[in-house]
Amino acid sequence: MNHRPTGFSLVELLAAMLVGSFLLFAAATMLGQAGQGYDRGSGGVAAEREGRAVVTQIAEDLSKAVWHVDSVIEEGEGGWKRARLGFLSLQAPDAQSDDGRIADACAIHYYVKDLEIGGSTVRCLMRGFRESAEVFDTLANGSAEKLFDPQDKDEPVAFGVIAFEAEPLRRDPITRKLEAWTSGADEPVRAVRLKLVVARRELIGRLQNAGDWDGNPALGDPDRPQDNRYLETYELTQRFGNEA
């Protein structure tokens, strides 16, 4: 009685290896796509969380603002605007240090600045904070404009900022509706219309220098940032101080 040898033939072994390789390749591809999807999702969530936090911070500062003739509200120029905000704001005692607190009137300054991070240029929204002791000392010696000069102690509050817009608004005395405020007007600013455009993480990696942040084709149309899936846009009209 003849017995055939058990086991796999060379052809069967090669076929099994081919199938196994195909399954491994498919699994690796799916894992890579899942990883990319996670990176895109986490990058979008991070940008959204950061953007909302910054807008909330600016809105809170503006709601406590006090109008001063030297207040700074510059809308910025060009396609992707870089505005400046500088104003006095009534801050809670715990927002200041013991040595720097003599009252509640502080000076706050928002502006855009390019920082070198990891060998690349990253455009950031900066927040300057001057405590009440410095505010009163500066006001006693002249103009408040110096309070809104950039300083090394200013801190970035948002990274990957494509645009920051701030439009000052007045209230029409008859209709009571908000409309554009012009510099030199007799009445103070009553509200500020804000717009913040932040890049997601995957786009930030493609912007290496200041020129990229100003006009890289990947940014798209400055008038339609909502059409770019790599950008997060936040808009808000916030009351400036308390009209009453």
Side-chain angles (χ1 to χ4, degrees), residues 32-62 72-87 108-128 148-152 154-169 180-181 183 191-238:
Q33 292 175 344
Q36 292 174 1
Y38 174 78
D39 287 341
R40 287 195 296 269
S42 60
V45 170
E48 181 177 359
R49 184 185 300 116
E50 185 174 84
R52 291 187 183 279
V54 171
V55 169
T56 300
Q57 175 71 69
I58 300 174
E60 182 177 352
D61 289 338
L62 285 171
V72 176
I73 304 182
E74 298 178 358
E75 299 183 52
E77 300 177 352
W80 299 106
K81 292 181 172 60
R82 287 182 280 178
R84 280 184 61 210
L85 281 176
F87 52 92
I108 294 177
H109 183 202
Y110 285 98
Y111 61 99
V112 177
K113 180 180 180 181
D114 290 346
L115 300 180
E116 294 298 320
I117 301 176
S120 299
T121 300
V122 179
R123 186 155 291 174
C124 305
L125 182 64
M126 310 293 292
R127 182 178 186 264
F148 309 126
D149 290 337
Q151 296 185 15
D152 292 339
D154 297 345
E155 299 181 346
V157 291
F159 297 88
V161 174
I162 302 299
F164 176 54
E165 300 180 22
E167 180 187 2
L169 303 172
W181 178 89
S183 179
V192 180
R193 183 176 292 121
L194 300 169
K195 183 176 182 179
L196 180 69
V197 182
V198 181
R200 291 189 175 188
R201 185 171 57 190
E202 54 266 43
L203 177 57
I204 293 178
R206 298 162 60 182
L207 306 175
Q208 300 296 314
N209 53 59
D212 289 338
W213 290 93
D214 288 329
N216 190 297
L219 300 179
D221 186 352
D223 295 327
R224 299 189 59 82
Q226 66 275 10
D227 293 343
N228 190 335
R229 64 191 180 109
Y230 296 112
L231 299 179
E232 296 286 345
T233 303
Y234 306 91
E235 298 182 75
L236 172 71
T237 298
Q238 174 60 44

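Remember, predicted model here, so these are calculated numbers, not experimental data. As a basis for the values below, the full set of heavy atoms in this structure was taken, side chains included, without hydrogen atoms, waters or symmetry mates.
- With sequence neighbours left out, K81 forms a side chain to side chain contact (heavy atoms under 4.5 Å, CB included) with E165.
- Atom NZ of residue K195 and atom OG1 of residue T233 lie 6.0 Å apart, to the nearest 0.5 angstrom.
- By the side chain to side chain contact (heavy atoms under 4.5 Å, CB included) test, P156 pairs with L115, C124, M126, F159, sequence neighbours left out.
- When side chains are defined from C-beta on, L194 counts as touching L62, because their heavy atoms get closer than 4.5 Å.
- Separating the CZ atom in R84 from the CD1 atom in I73 is a distance of 11.5 Å, to the nearest 0.5 Å.
- In this structure, the side chains of V198 and R52 stay at 4.5 Å or more apart for every pair of heavy atoms.
- Atom CZ of residue F148 and atom CG of residue L85 lie 10.0 Å apart, to the nearest 0.5 angstrom.
- Between V122 and G160, the closest heavy-atom pair is CG1-N, 3.8 Å.
- Between L236 and A59, the shortest heavy-atom distance links the atoms CD2-CB, 3.6 Å.
- From Q238, atom CD reaches atom CD of E60 across 9.5 Å, with rounding to the nearest 0.5 Å.
- Screening residues 110-122 for side-chain hydrogen bond (donor to acceptor under 3.5 Å, both in side chains) gives D61-Y110, Y110-R127, Y111-D154, D114-R123, E116-T121, S120-Q208 as the qualifying pairs, with residues at least two apart or on separate chains.
- Residues meeting the side chain to side chain contact (heavy atoms under 4.5 Å, CB included) test with L169, sequence neighbours left out: E167, L178, A191, R193, T237.
- To the nearest 0.5 Å, atom OH of residue Y234 and atom CD1 of residue I58 are 12.5 Å apart.
- For the pair L203 and A218, the tightest heavy-atom approach, listed with the atom from each and the gap, is CD1-CB, 3.8 Å.
- In terms of the side chain to side chain contact (heavy atoms under 4.5 Å, CB included) criterion, residue partners of D221 (sequence neighbours excluded) are, by chain and number, D223, R224.
- Taking all atoms of both residues into account, the shortest heavy-atom contact from A158 to V54 is CB-CG2, 3.6 Å.
- Nearest heavy atom pair, residue V192 against residue A166, reads CG1-CB, 4.0 Å.
- For W80, there are no ring pair (Phe, Tyr, Trp, His ring centres under 6.0 Å) partners, not counting sequence neighbours.
- At a threshold of 4.5 Å between non-hydrogen side-chain atoms, the residues W213 and I162 count as touching.
- To the nearest 0.5 angstrom, L231 atom CG is 11.0 Å from L196 atom CG.
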